[in-house]
Amino acid sequence: MFGSKIDLFNKEWLDVVFAKKNKAYGAYELRTQNGANTTKALFLASITFILLFLLPKILTLVQGQMPEEVIEKQVEVVVAPPPPVDPETPPPPPVEPPPPKVDQIKFPPPIVKPDNQVRDEEPPQIEQLKAADPGQKTIEGDPGADIVVVGPVGEGPKQAAVVEDTKVYDFVSIETQPGFPGGMDKFYAYLNKAIRYPPMAQENNIQGKVFLSFVVEKDGRLTDIKVERKLGGGTDEEAVRVLKGSPKWTPGIQNGKPVRVKYNIPISFTLSN
């Protein structure tokens, strides 16, 4: 029985295996050098792994030892000497506001005083006030002067944004329901005149009702026309076509304003005998 620790790559074992065989063949040489090749491969792989693992730290150490390049910015500061002060030069006069565009007449406000301090002062007459504005003092105006606004000017009160009501109301939940001009009898008369019985429905004797829904817009137009229950034979398409060509309706009213209202209606298709 062979031992449990047989080295198949031992030279003596290989000589037994390749006895009376061509040892110049590559298999004998590969098996002979297998141990050395495996050791070299493991050694090179270990060295490569260690270098890759330590490369970031080595780069960090190298960069830390290199002196940082300092860029000095030269800023040239020019200090201008202040102008000489002449004590004999008087300060500039204050800027006076431009005169008003219209004349102003002094209109003193009422002040309550004792009787012994009351002095008669004639107030401006109505004729004078027609050609001038009342003010704190009498000033002659200049029609060509610029208008000067004294005090902060704000944006003023902002008007609230108008939000359009795009909600679609139910037919039975509004104050005034939409309707066809002249009543529903006029609408059914329009349907009887406008409907063209589809030939396929005539040939197959298809009769019945097509149930539709649509939205009456604020201007009375019919939009979002849908077939809720079909009849077939081309009757569904014909019902949609007739509603699209319908005259404008009277819109529904909610809180005194026209609103969008959903409306449901059946259209009958009947063949006469």
Roughly how far, to the nearest 0.5 Å, is the [atom2] atom of [Y] from the [atom1] atom of [X]?
{"X": "Leu42", "Y": "Thr38", "atom1": "CG", "atom2": "OG1", "result": "6.5 Å"}
{"X": "Ile206", "Y": "Thr270", "atom1": "CD1", "atom2": "OG1", "result": "13.0 Å"}
{"X": "Phe187", "Y": "Ser246", "atom1": "CZ", "atom2": "OG", "result": "5.0 Å"}
{"X": "Leu212", "Y": "Glu228", "atom1": "CG", "atom2": "CD", "result": "8.0 Å"}

Nearest atoms (heavy-atom pairs only) where [X] meets [Y]:
{"X": "Val216", "Y": "Pro178", "value": "CG1-CB, 3.9 Å"}
{"X": "Pro266", "Y": "Lys209", "value": "CB-CD, 4.3 Å"}
{"X": "Ile174", "Y": "Gly252", "value": "CD1-CA, 4.0 Å"}
{"X": "Pro251", "Y": "Gly220", "value": "CB-N, 4.5 Å"}
{"X": "Leu52", "Y": "Pro56", "value": "O-CD, 3.6 Å"}
{"X": "Gln202", "Y": "Leu271", "value": "CG-CD2, 3.9 Å"}

| field | Evaluation steps, side-chain contact (heavy atoms from CB on, under 4.5 Å), between Met184 and Ile265 | value | CA-CA 11 Å; Met184 294 305 295; Ile265 190 172; 4.1 Å; yes
| request: Before giving the answer on side-chain contact (heavy atoms from CB on, under 4.5 Å), spell out for Asp236 and Val240 the whole-Å C-alpha distance, their side-chain angles and the decisive distance to 0.1 Å. | output: CA-CA 6 Å; Asp236 308 326; Val240 173; 5.8 Å; no
[X] side chain near [Y] side chain, heavy-atom distance below 4.5 Å:
{"X": "Ile195", "Y": "Glu238", "result": "yes"}
{"X": "Ile50", "Y": "Phe53", "result": "no"}
{"X": "Lys218", "Y": "Arg260", "result": "yes"}
{"X": "Val261", "Y": "Gln177", "result": "no"}
{"X": "Leu222", "Y": "Val215", "result": "no"}
{"X": "Ile267", "Y": "Leu243", "result": "yes"}

| message | Test your reading of the model: is there a side-chain donor-acceptor pair from Asp219 to the backbone of Arg221, 3.5 Å cut-off? | response | yes
| query | Does Lys262 offer a backbone N or O that forms a donor-acceptor pair with the side chain of Asp170 under 3.5 Å? | reply | no
| query | Does Val168 share a hydrophobic cluster with Val259, counting links as ILVMFWY side-chain heavy atoms below 4.5 Å and allowing steps through other members? | reply | no
| query | With a cut-off of 6.0 Å (strictly less than), are more than 12 heavy atoms of other residues, nucleotides or ligands near CZ of Arg229? | reply | no
| Pair listing, ring pair (Phe, Tyr, Trp, His ring centres under 6.0 Å) test, anchored in residues 189-241, at least two apart | Tyr197-Phe269, Phe214-Trp249, Phe214-Tyr263
